[in-house]
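The structure under discussion appears below in the form of C-alpha cells.
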Protein chains: 2
Amino acid sequence: MEKKLRMTHQREIILDELRRCRSHPTADELYERIKKKLPRISLATVYRNLEILSEVGLITKLEISGRQKRFDWDVQDHDHVYCTECHRVDNIPTATTTCLPVDPDQQKGYQITGCRIEFYGLCPNCQKPRKVQKFKGDKDMACKSCTTGLSDTQRQVLEAFAKSEEACGSKDIAAATGMESKKVSCQITALKKKGFVSSPVRCKYEITDEGKSQLSC
Amino acid sequence: MEKKLRMTHQREIILDELRRCRSHPTADELYERIKKKLPRISLATVYRNLEILSEVGLITKLEISGRQKRFDWDVQDHDHVYCTECHRVDNIPTATTTCLPVDPDQQKGYQITGCRIEFYGLCPNCQKPRKVQKFKGDKDMACKSCTTGLSDTQRQVLEAFAKSEEACGSKDIAAATGMESKKVSCQITALKKKGFVSSPVRCKYEITDEGKSQLSC
DNA sequence: CCTTGACATGCGAATGATTATCAAATACAT
DNA sequence: ATGTATTTGATAATCATTCGCATGTCAAGG
Ligand SMILES: [Mn+2]
Ligand SMILES: [Mn+2]
Ligand SMILES: [Zn+2]
Ligand SMILES: [Zn+2]
C-alpha cells in the first residue's frame, strides 16, 4: 500500500540542483536557486519534495541543533561541523567509526536506533578579526564600551540622534538609518553606557553634549 | 560593566521548578507547571529567564535536533537520548569521554569549540506494541486506513466531534480532549480519509453520518 | 520618605520556519 | 486516449520563540 512516486519536472530539478551543490543548503536557499530554472515553483513544493526525497533515501535531511534544516545530496553516513557565527555547515571526517561512543544497544531501557554527532566552532572565515559580527547581546557590547572609540554602527546611530530635534525612540532611529530596530536598541544601550545619549523620558533618547563632541572627532 | 541579575520571585520559581524536575522540560511545559504557582506569569518571562539562567550557567539549554528546546537543571556535561516517537529526552551515560571521536582541533579549517552527541531511538514506553502512536505522515495513515477499526486516539477525537454542535477546528478538539493539537490534526486527516469527518469550511471539520455510525459499534 | 534608574515583567504583536489546505494541473497505468 | 491518484501553486495556518513597549519593582541616595 506504499504510494508510488511520480518523477515530476520540479522533483527532478530539485534533486538535480541539490546534487550540484557542494554545500548543505537550506530549503530556502535551494528555492532561490531553483526559481531561476522554474520561476513558478512554490516554496511548499521544495519543502515537500525535500521531505519526500529524504524519506525514500535519495538525499539526507540534516537536523542541526535548533536551527533551519539543511539538505545533503550525500546519503553516506558522515558527520558535520557548523559555524556558530555564520551557520555554515561542512562535512567533517571523524577519526574512525569504531571509536563512536555507542554503548550497548539497551541503555536506560531505550532501544537506540542511531546517534548524531555535531561539531561546532568557527569556520575559517569567522576566525578572522571580527568584521560583520553577529550580535552576541550585552557581553559583546560591554567589550566594545571598553574601547574609547565608536564603532561604525554606533556612529551612525549617534548621527541620527544628532539630526533629531527632539528625543526619539529606537524605532525612529531604525527608520532614519534603515537599520534593524533590534540592532539599534542594542546600540542605544551601548551609547547610553558611554554617556553619549541619555533618556529624558522612558524609551526616548537624545544625544548628550558628550555625544556631540564625540561626533566631531 | 556586566549587568547584574536580580533574583526576582518569578526567576526563583522558574529555577526551582526546573530543579525539581527529573525530566528535561520544554519552556512551555515548565510554563504550565509554573502557572499553578504564579498564575499571572507570562510565557515570555519563562523564555527570557531560561535563556538568562542558561547564559550565566545555572542551567543548561538543550538544543535537540530540530525541535523544541529543552532545559536541564544539571549543568554537568552529559549526553542525551531522545525518543523519536514521543520526544521524551533522557540522560545517557556514554562509555568514556576518552572515546570521543574528537579529531585534532583544526579540521577543515574550523576552530572547533565543542561537540554534541545525541542518541535517539525508542523509549521503553514506545517500544511496546503501538498504542498512542505519533504521526509518521501519510505512510502510517495509509496503513491505518487499511485496518477496519479506529485507534483509541481516533475514537477519542471522533467522540469529541460528535459532542460538538458545530464544525470546529483541531485546536478546539485539542482543548476538549487535552491532546496536543498537532496530534489532533493528524488524526483528523486520518479520519477524513476514512470519511468519518468532513470539512464544510477550510480548517473546520464535523462528524459525518458514517463517523456517527462508526462510533456506535 | 521620596526620587531615580536599572532591571524585570506582562501583554500582545511580530517573526521565521515549516506544514496544511484545496482547487486545479499532471503523470502514468491501463 | 482516459481515469484517477498524485502533485502542484498559492495561501493560510501553525508553532516555537522573540520583540516592543508600557508598567512594575527595588536598591541606593538624597
Ligand atoms: Mn554532508
Ligand atoms: Mn540531562
Ligand atoms: Zn562562519
Ligand atoms: Zn517514547
Side-chain angles (χ1 to χ4, degrees), chain A residues 1-14 26-29 31 35 38-52 61 63-64 66-70 135 137-138 169-172 174 180-186 188-189 192-193 198-204, chain B residues 1-14 26-31 35 38-52 61 63-64 66-70 135 137-138 142 169-171 174 180-186 188-189 192-193 198-205:
Chain A
M1 197 107 303
E2 288 288 319
K3 80 173 157 189
K4 60 191 97 156
L5 296 183
R6 289 177 185 170
M7 188 44 76
T8 61
H9 190 207
Q10 19 282 82
R11 184 142 20 202
E12 199 170 13
I13 297 283
I14 289 167
T26 61
D28 194 67
E29 282 164 9
Y31 172 62
K35 265 201 296 196
L38 299 174
R40 301 190 48 78
I41 201 174
S42 154
L43 175 59
T45 301
V46 175
Y47 269 106
R48 239 182 331 236
N49 282 301
L50 288 171
E51 185 63 37
I52 291 171
K61 178 166 62 168
E63 313 211 17
I64 308 295
R67 28 188 87 270
Q68 255 165 300
K69 291 185 180 66
R70 290 178 173 270
F135 63 97
D138 310 51
S170 52
K171 267 186 164 175
D172 307 310
E180 295 171 36
S181 73
K182 188 178 175 183
K183 203 172 184 177
V184 171
S185 62
C186 289
I188 291 177
T189 312
K192 197 172 158 200
K193 270 190 185 160
S198 64
S199 174
V201 208
R202 256 167 211 270
C203 306
K204 298 282 178 190
Chain B
M1 198 111 300
E2 289 289 318
K3 82 171 157 186
K4 62 189 100 154
L5 295 185
R6 287 180 187 162
M7 188 45 79
T8 62
H9 191 207
Q10 19 281 81
R11 189 165 295 171
E12 198 170 13
I13 296 284
I14 290 167
T26 62
D28 194 67
E29 282 165 8
L30 225 27
Y31 172 60
K35 265 202 296 196
L38 299 173
R40 299 193 48 76
I41 199 173
S42 155
L43 176 58
T45 301
V46 174
Y47 270 105
R48 245 183 322 237
N49 281 301
L50 288 172
E51 185 63 36
I52 291 171
K61 178 165 63 168
E63 313 211 16
I64 306 296
R67 32 188 84 270
Q68 255 165 301
K69 290 186 180 68
R70 290 179 172 271
F135 65 96
D138 309 51
S170 53
K171 267 186 165 173
E180 294 173 37
S181 74
K182 194 174 175 185
K183 200 173 186 178
V184 171
S185 63
C186 289
I188 290 176
T189 312
K192 196 174 158 200
K193 272 195 182 154
S198 64
S199 175
V201 209
R202 251 173 209 264
C203 307
K204 297 283 178 189
Y205 305 85

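Numbered from 1 within each chain, the chains take letters A, B, ... in sequence-line order.
One atom, CZ of A:Arg11, and another, C1' of D:dT6, lie 8 Å apart when rounded to the nearest Å. In this entry the distance linking CG of A:Asn49 with P of C:dA20 reads 15 Å, nearest Å. Taking atom NZ on A:Lys35 and atom P on D:dA10, their separation rounds to 11 Å, with Å as the unit. Nucleotide D:dT18 holds its P atom 7 Å from the NZ atom of B:Lys61, rounded to whole Å. Going from atom CG of A:Leu50 over to atom C1' of C:dT19 covers 14 Å, rounded to whole Å. In this entry the distance linking CD of B:Glu63 with P of C:dA17 reads 15 Å, nearest Å. Taking atom CD1 of residue B:Ile64 and atom P of nucleotide D:dT17, one finds them 12 Å apart after rounding to whole Å. As rounded to whole Å, 14 Å separates atom C1' of D:dT25 from atom NE2 of B:His9.
Between A:Thr8 and the phosphate of D:dT8, there is a side-chain N or O to OP1/OP2 separation shorter than 4.0 Å. Considering only side-chain N and O atoms, B:Tyr47 lies nowhere under 4.0 angstrom from the phosphate OP1 or OP2 of D:dT18.
Note: B:Glu63 CD to A:Glu63 CD = 13.5 Å, rounded to the nearest 0.5 Å. Interatomic distance, CG of B:Leu50 versus CZ of B:Arg70, reported as 12.5 Å (0.5 Å rounding). Between atom CD1 of residue A:Ile14 and atom OH of residue A:Tyr47 there is a gap of 12.0 Å, rounded to the nearest 0.5 Å.
Checked against side-chain contact (heavy atoms from CB on, under 4.5 Å), A:Tyr31 has the following partners two or more places apart in sequence or in another chain: A:Asp28, A:Lys35, A:Ile41, A:Leu43, A:Val46. The salt bridge (Lys or Arg N to Asp or Glu O under 4.0 Å) test applied to B:Glu51 returns B:Lys61, not counting sequence neighbours. For the side-chain hydrogen bond (donor to acceptor under 3.5 Å, both in side chains) test, residues two or more places apart in sequence or in another chain that qualify with A:Thr45 are A:Arg48.
The base of D:dT7 does not come close enough to the side chain of A:Arg6 for any donor and acceptor atom to sit less than 3.5 Å apart.
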Atom pairs under 3.5 Å: protein N/O with N/O of nucleotides 11-16 of chain C:
residue : atom : partner : partner atom : Å
C:dC11  : OP1  : B:Arg40 : NH2          : 3.1

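Side chains of A:Ile52 and A:Arg11 form a contact here, defined as non-hydrogen atoms less than 4.5 Å apart.
Nucleic acid contact for B:Asp28: none, since no nucleic acid atom lies under 4.0 Å from a heavy atom of the residue. Nucleic acid contact for A:Gln10: sugar-phosphate only, since backbone atoms but no base atoms lie under 4.0 Å from a heavy atom of the residue.
Helix-axis bend for the helix from C:dC1-D:dG30 to C:dT30-D:dA1: the local axis fitted to the five terminal pairs at one end deviates from that at the other end by 20°, rounded to 10°.
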